[in-house]
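Below is one structure; the comments refer to it alone.
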Amino acid sequence: MQTLNQILRRIPVWLVYLLGALPAPWLFYQGLTGGLGVDPIEALEHRYGELALQLLIVVLAISPLRRFLGLNLLKFRRALGVLTFVYVSLHLLVWLVLDVQLPSQIWADILKRPYITVGMAAFVLMIPLAVTSNNLSVRKLGPRWRSLQRLVFPAAILGGLHYVMLAKGFQIEPLVYLSLIVSLLLLRVRVSDLLTRIRPADSA
């Protein structure tokens with residue numbers, strides 16, 4: 001694992017941004033050229049949302065991977081978080097601009113359709129995370145920055161729930177995504193509780 005971590009340290013963060021962003025224009029091009037099937041708008045909307053959830057799961061897995069396996073991906077966590085927000089925004093933009101289009105209908109859907117309400121709530125929670133994903137915000141906010149970053153936890157649950165509610169009929173894939181998110185969050189809680197119990201014993 002030490003060798004792998006040494007290799008990872010040599011990878012520049014900008015490369016993660018570049019590789020992570022490549023699917024966005026490629027999927028859009030496929031939608032324009034008929035590569036996404038008979039309903040390219042729905043397919044594009046789905047692909048962007050799915051990529052956002054996949055990236056979010058990777059972000060949530062970074063701390064457990066470091067604690068239990070010694071794999072250090074902390075260097076890339078901010079980049080992966082920003083990419084997550086980019087794909088969530090693209091998912092939302094496709095729905096707003098290409099799918100619904102009418103402003104009055106957009107607001108009505110947010111209020112009347114629970115899965116859209118849940119999805120919008122997840123997006124709103126992610127906005128302050130994206131806005132403060134920079135060194136200036138880290139310095140200005142100090143310890144409050146870490147507290148603010150915990151918004152990713154409810155946002156992740158709402159994002160997974162949005163996918164499950166969006167699915168038509170019983171589908172395994174959305175449940176797998178939600179299960180992974182909940183499992184990673186529970187793992188973090190258990191580890192945090194264990195560390196809290198150990199520290200007082202060590203200081204006694």
Side-chain angles (χ1 to χ4, degrees), residues 20-62 64 77 79-131 133 149-189:
L22 283 177
W26 171 245
L27 286 170
F28 191 77
Y29 171 77
Q30 283 192 312
L32 289 175
T33 56
L36 294 181
V38 295
D39 192 346
I41 293 176
E42 183 179 348
L44 188 63
E45 190 178 324
H46 173 79
R47 295 285 183 87
Y48 283 153
E50 197 172 58
L51 278 168
L53 276 178
Q54 290 167 357
L55 286 166
L56 185 55
I57 287 170
V58 174
V59 170
L60 294 176
I62 287 175
R77 181 157 60 184
L80 292 168
V82 171
L83 286 167
T84 300
F85 184 76
V86 167
Y87 280 103
V88 170
S89 300
L90 289 172
H91 172 70
L92 179 61
L93 280 172
V94 171
W95 177 69
L96 291 174
V97 178
L98 300 179
D99 191 356
V100 181
Q101 298 181 354
L102 298 174
S104 59
Q105 185 61 44
I106 290 168
W107 185 244
D109 283 349
I110 292 173
L111 294 177
K112 294 180 181 178
R113 299 189 181 188
Y115 74 90
I116 296 179
T117 307
V118 168
M120 285 300 297
F123 175 72
V124 169
L125 287 176
M126 292 186 72
I127 291 174
L129 300 177
V131 170
S133 290
Q149 293 302 303
R150 292 186 184 130
L151 287 174
V152 72
F153 304 148
I157 293 175
L158 289 172
L161 188 60
H162 167 71
Y163 192 15
V164 171
M165 296 170 71
L166 178 63
K168 297 174 182 177
F170 180 79
Q171 294 186 30
I172 295 295
E173 187 177 2
L175 293 173
V176 169
Y177 277 82
L178 181 59
S179 298
L180 283 171
I181 289 168
V182 172
S183 298
L184 287 168
L185 292 179
L186 287 174
L187 189 59
R188 293 177 67 99
V189 169

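We're numbering straight along the sequence, starting at 1. Atom set for the values below is all heavy atoms of this structure, side chains included, hydrogens, waters and symmetry mates excluded.
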Flag side-chain contact, heavy atom, 4.5 Å: Leu44 against Leu90: no
side-chain contact (heavy atoms from CB on, under 4.5 Å) evaluation trace for Leu178 with Tyr163: CA-CA 8 Å; Leu178 181 59; Tyr163 192 15; over 6 Å; no
Which residues share a ring-ring contact (aromatic ring centres under 6.0 Å, His included) with Tyr29, sequence neighbours left out: Trp26
Any pair counted as salt bridge (charged side-chain N to carboxylate O under 4.0 Å, His left out), so long as it reaches residues 104-114, sequence neighbours left out: Asp109-Arg113
CG on Leu185 to CG on Leu180, rounded to 0.5 Å: 11.0 Å
Results of ring-ring contact (aromatic ring centres under 6.0 Å, His included) for Phe28 - residues two or more places apart only: none
Minimum heavy-atom distance between Val82 and Ser133, given as atom pair plus value: CG2-CB, 3.9 Å
Pairwise distance CG(Leu80) to CD1(Ile62) - rounded to 0.5 angstrom: 5.0 Å
Thr117 vs Leu111 side-chain heavy atoms within contact, under 4.5 Å: no
Distance (rounded to the nearest 0.5 Å) between His46 NE2 and Leu36 CG: 11.0 Å
Between Phe123 and Phe85, ring centroids under 6.0 Å: yes
Validation row: Trp95, Leu92 side chains within 4.5 angstrom (heavy atoms): yes
Residue pair Leu125 / Leu129, side-chain heavy-atom distance below 4.5 Å: no
Heavy-atom pair of closest approach, residues His162 and Val118: N-CG1, 3.9 Å
Spacing of Leu151 atom CG and Ile127 atom CD1 [to the nearest 0.5 Å]: 11.0 Å
side-chain contact (heavy atoms from CB on, under 4.5 Å) evaluation trace for Ile181 with Ile57: CA-CA 6 Å; Ile181 289 168; Ile57 287 170; 3.8 Å; yes
Over all atoms of both residues, closest heavy-atom pair of Val94 and Ile41: CG1-O, 3.7 Å
Distance, nearest 0.5 Å, that separates CG of Leu187 from CG of Leu60: 11.0 Å
Working for side-chain contact (heavy atoms from CB on, under 4.5 Å), residues Leu51 and Leu83: CA-CA 9 Å; Leu51 278 168; Leu83 286 167; over 6 Å; no
Nearest atoms (heavy-atom pairs only) where Ala121 meets Leu158: CB-CD1, 3.9 Å
Sole residue of His91, Glu45, Glu173 in side chain to side chain contact (heavy atoms under 4.5 Å, CB included) with Glu50: Glu173
Separation of Ile110 CD1 from Leu96 CG (nearest 0.5 Å): 7.0 Å
Check: Val164 and Leu175 side chains under 4.5 Å, non-hydrogen atoms: yes
Check: Tyr87 side chain, Gly20 main-chain N or O, donor-acceptor pair, under 3.5 Å: yes
Over all atoms of both residues, closest heavy-atom pair of Gly159 and Ala122: N-CB, 3.9 Å
